[in-house]
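The next block holds one structure in the form of structure tokens; read it before the comments.
In this text the structure is predicted, and so the values were computed from the model without any measurement. Throughout, residue positions are numbered sequentially from 1 according to the sequence presented.
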Amino acid sequence: MSNYLGAVLRRDVVPRVRAWLTVRGSVGSEHRFVDLDERTVLLLVSRDLDASLAPGRFFRGTAVSPEHGAIGFGLAGWQAMPAGAHADPHGVSGEFVLLEWDDDAVVARRDVLGSVALASTTGDGFAAVSDSLLVLVDLRRWLGQGVTQRTEVLLARTFPNNFASQQISEETHVVEVAYAAAGRGVRIPLRTLRAEPDGPLLASRVVDVDLDPVETMRGVATFVARTMTTLALRDDLDVRLMLSGGYDSRVLLGGAVHGGAAHRLAVHTRGGSGSHDLDARAVAPIAEHYRLRLNAPRLRSTPSQDAGPPLALLASTTLGFYDTLSPLSTVRRGAITINGVGAEIYKGNWKWRTERQMFEQTNQRAVQLGAMRAQAAKGIRATGGDPRWADASELLYCGFRNGIHGAGNSIALSMTGLRPLHQVALAALGHQRVDGLPPRERRDRARLRGQGENVMAGLLALMDTQLAAMPYDRPDKTLAPDLVAQRLADLGGPLGPEAKTELPVHGSPSDVPAGPSALGLGVAEHAGMAVEMSTEHLMRLAERGHESVEHPAVRPAYGRVLKRARERLVDNGESPRDAGAMLGKLLTLAMIG
């Protein structure tokens, strides 16, 4: 598949799995069988597999550890990371997958905030992990195992807002496939071949922690400044900062400004028309003042190649776990894209409320409401939270939507994106109580730091006070100079000299394999997803998805989804991406139906 598949197999299953690889078009350089014991074999599948493989270990992607002040690209980069990162690999940020094995078990981990999807399945004589719902379903069917629609999930995913535009809980569309909440991995004991959750619950990292808010803010800012300055000054890296007119990406620019390196950055912003006109207007004077290289490539030597049919790529990776469609077709191996996504883990995205409050404004007779509430409650509990807590909504957001939404569909092509604000410490700061009570005492009434404080104002003040006060995309966002000065004073004054020291960067982005595997595209083609992303083809697949719904009470809900998708895609002529997530929900059912 596009990023990874790990399957632990009893030896009598291996011949059938070899046949599956052959029929689906996998190539020899992308799969490997590793002996685990006299009864058990591990299959690994990934593009350019040798680049990610070491004895007892498979690593693909980029590791980012603010706690240890280091970034590692690829296998060599991971192996050179500080010992503390290896001691708690569940706690490392970035976008990566790590599989390790010994005589007892195979353990799969990924970045702590869940940018890379991690799903698992168990059957007779095998257990597997992957970031592809489609590949796991296809493997199950090939081995004669059941694939059962989970009615509650299907119904919940028709909920008409972004609560349901991605995984909501550990349950997926398929009863036999489970999804890991952020912060957790999957352990497969060789004795049982039963996939089970592994690693600390997210709440233990963001709720049950004692931290100093000023020290934490300064630590977050210092890591951002060191990261941005180091990357801007490296001539050998193709680094692109995606800059908008808002706060979050400006914090990243501020890090490079603080280090005196902003003029070395290649900065990209969206076009100056339509909904992005305000972004362009805000960015233009900043680019002029700081002599930024706006919308120009930094390096022209980054190799690029065609990734294959865009819909097949999405089907073999994020589709099913993430409904939004961003058709991508070009692989640029070695390029680093940086953005400010991730600040919502502090600021909140779903308004810091209980599970009940999340749905108070919803039509209480909506057919999917019961299923959606049940899924939300399960998702909150999967993070270690309680649906009654005042921050239940943001634990759900952080546990499921935040990571995969931040990485988006680009994760299907590259695992070298950087989000320096994606720091667990920032999430913990947002969930910190400010009412003086212990973390879990009467948390349904808790007052939380993230509910009110503008953390971006503080971070920007620490970076550069002039940049902080320059106009934003909306007048109401603009920070008055006296407010910026006050926030800087509250946070102990300017950052110290450590914020300008070089950040260790281990390995190279070009060490990270990019693009889809032949197996992933072959499975997608078998599912009928290797078609042009034209309105005609997409609507035909959408109709097929609607027809595949088995439960008679759920099918009408997907009929309404189909109607909305048709209105936007056909009647309004919108692009697949702009047509919203409704189309993605139907395409998921078409590919696994």
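Side-chain atoms of Ser393 come within 3.5 Å of backbone N or O of Trp350 as a donor-acceptor pair. At distances below 3.5 Å, not a single donor-acceptor pair connects side-chain atoms of Tyr346 with backbone N or O atoms of Gly342. In this structure, the side chain of Ser410 engages the main chain of Ala407 through a donor-acceptor pair within 3.5 Å. Looking at Arg110, its side chain does come within 3.5 Å of a backbone N or O of Arg184 through a donor-acceptor pair. For the pair Glu394 (side chain) and Asp391 (backbone), a donor-acceptor distance under 3.5 Å is absent. The backbone N or O of Ser244 sits nowhere less than 3.5 Å from a side-chain atom of Asp473 that would complete a donor-acceptor pair. Tyr247 places a side-chain N or O within donor-acceptor distance of the main-chain N or O of Lys477, the cut-off being under 3.5 Å. Judged purely by atom type and a 3.5 angstrom limit, Gln432 has no side-chain atom pairing as donor or acceptor with the backbone of Asp210. Remark: side-chain polar atoms of Thr222 are not paired, donor with acceptor, to backbone N or O of Ala499 under 3.5 angstrom. Checking side-chain atoms of Arg157 against main-chain N and O of Lys585 turns up no donor-acceptor pair under 3.5 Å.
Between Phe321 and Tyr179, the distance from one ring center to the other falls under 6.0 angstrom.
No more than 12 heavy-atom neighbours from other residues, nucleotides or ligands sit within 6.0 angstrom of CZ on Arg388. Counting heavy atoms of neighbouring residues, nucleotides and ligands inside a 6.0 Å radius, atom CG of Asp102 exceeds 12 of them. No more than 12 heavy-atom neighbours from other residues, nucleotides or ligands sit within 6.0 angstrom of CZ on Arg577. Summarising the local packing, CD of Gln361 is surrounded by 12 or fewer heavy atoms from other residues, nucleotides or ligands at distances under 6.0 Å.
Salt bridge Asp88/Arg205: present, at least one basic N to carboxylate O contact under 4.0 Å. The existence of a salt bridge linking Glu498 and Arg218 is excluded, since no basic side-chain nitrogen approaches an acidic carboxylate oxygen closer than 4.0 Å. Note on Glu355 versus Arg373: salt bridge recorded, some NZ/NE/NH1/NH2 to OD/OE distance being below 4.0 Å. At a threshold of 4.0 Å, the pair Arg356-Asp444 does not count as salt-bridged, since none of the basic side-chain nitrogens sits closer than that to a carboxylate oxygen.
Proximity of Pro82 to Glu67: side-chain heavy atoms (C-beta onward) are nowhere separated by under 4.5 Å. Using a 4.5 Å cut-off on side-chain heavy atoms (C-beta onward), Ile168 and Met372 make contact. The shortest side-chain heavy-atom distance between Leu5 and Leu136 falls under the 4.5 Å cut-off. Between Thr318 and Ile411 the shortest side-chain heavy-atom distance falls below 4.5 Å. In this structure, Glu453 and Arg487 have side chains that are in contact, with non-hydrogen atoms separated by less than 4.5 Å.
Listed by chain and residue number, Glu152, Ser169, Glu171 satisfy the side chain to side chain donor-acceptor pair (under 3.5 Å) test with Gln375 (two or more places apart in sequence, or in another chain).
Residues Arg443 and Pro439 share a closest heavy-atom pair of NH1-O, 2.6 Å. When every heavy atom of Gln167 is checked against every heavy atom of Gly320, the shortest pair comes out as OE1-O, 3.8 Å. Pairing each heavy atom of Val112 with each of Ser93, the nearest pair is CG1-OG, 3.6 Å. Across every non-hydrogen atom of Val239 and Leu231, the tightest pair is CG2-O, 3.8 Å. Contact between Ala428 and Val209 at its shortest, heavy atoms only, is CB-CG2, 3.6 Å. Counting all heavy atoms, side chain and backbone alike, Arg226 lies closest to Pro504 at NH2-CD, 3.8 Å.
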Exercise for review: Evaluate the side-chain hydrogen bond (donor to acceptor under 3.5 Å, both in side chains) criterion for residues Gln486 and Asp490: first the C-alpha distance (whole Å), next the side-chain angles of each, then the deciding distance (0.1 Å), finally the verdict.
Suggested key: CA-CA 6 Å; Gln486 183 60 54; Asp490 292 343; 2.7 Å; yes

Exercise for review: Please step through side-chain hydrogen bond (donor to acceptor under 3.5 Å, both in side chains) for the pair Ser132 and Ser130, ending with a clear verdict.
Suggested key: CA-CA 5 Å; Ser132 170; Ser130 179; 4.8 Å; no

Point to revise | Arg419 and Glu95: CA distance, side-chain angles, deciding distance, side chain to side chain contact (heavy atoms under 4.5 Å, CB included) verdict | key: CA-CA 9 Å; Arg419 294 177 294 285; Glu95 45 186 53; 3.1 Å; yes

Exercise for review: Show your working on side chain to side chain contact (heavy atoms under 4.5 Å, CB included) between Leu154 and Leu589 and close with a plain yes or no.
Suggested key: CA-CA 9 Å; Leu154 263 64; Leu589 297 179; 4.0 Å; yes

Practice item. Show the numbers, then the answer: is there a side chain to side chain contact (heavy atoms under 4.5 Å, CB included) between Val129 and Val106? Key: CA-CA 10 Å; Val129 293; Val106 175; over 6 Å; no

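Note that the CG atom of Leu118 and the CD1 atom of Ile404 stand 11.0 Å from one another [nearest 0.5 Å]. Here the straight-line distance linking atom OG1 of Thr324 with atom CG of Asn162 works out to 8.5 Å at 0.5 Å rounding.
Here the rule is side chain to side chain contact (heavy atoms under 4.5 Å, CB included) with Met217, and of Leu429, Asp212, Leu211 only Leu429 fits it.
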Below 3.5 Å, can you tabulate the donor-acceptor pairs from side chains in residues 194-204 to any protein atom, sequence neighbours excluded?
| residue | atom | partner | partner atom | Å |
| --- | --- | --- | --- | --- |
| Asp198 | OD2 | His90 | NE2 | 2.7 |
| Ser204 | OG | Leu201 | O | 2.6 |

Which donor-acceptor pairs under 3.5 Å do the side chains of residues 71-79 make with protein atoms, sequence neighbours left out?
| residue | atom | partner | partner atom | Å |
| --- | --- | --- | --- | --- |
| Gln79 | OE1 | Arg57 | NH1 | 3.3 |

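Both the sub-6.0 Å distance and the 45° axial angle are not jointly satisfied by Arg60 relative to the ring of Tyr4.
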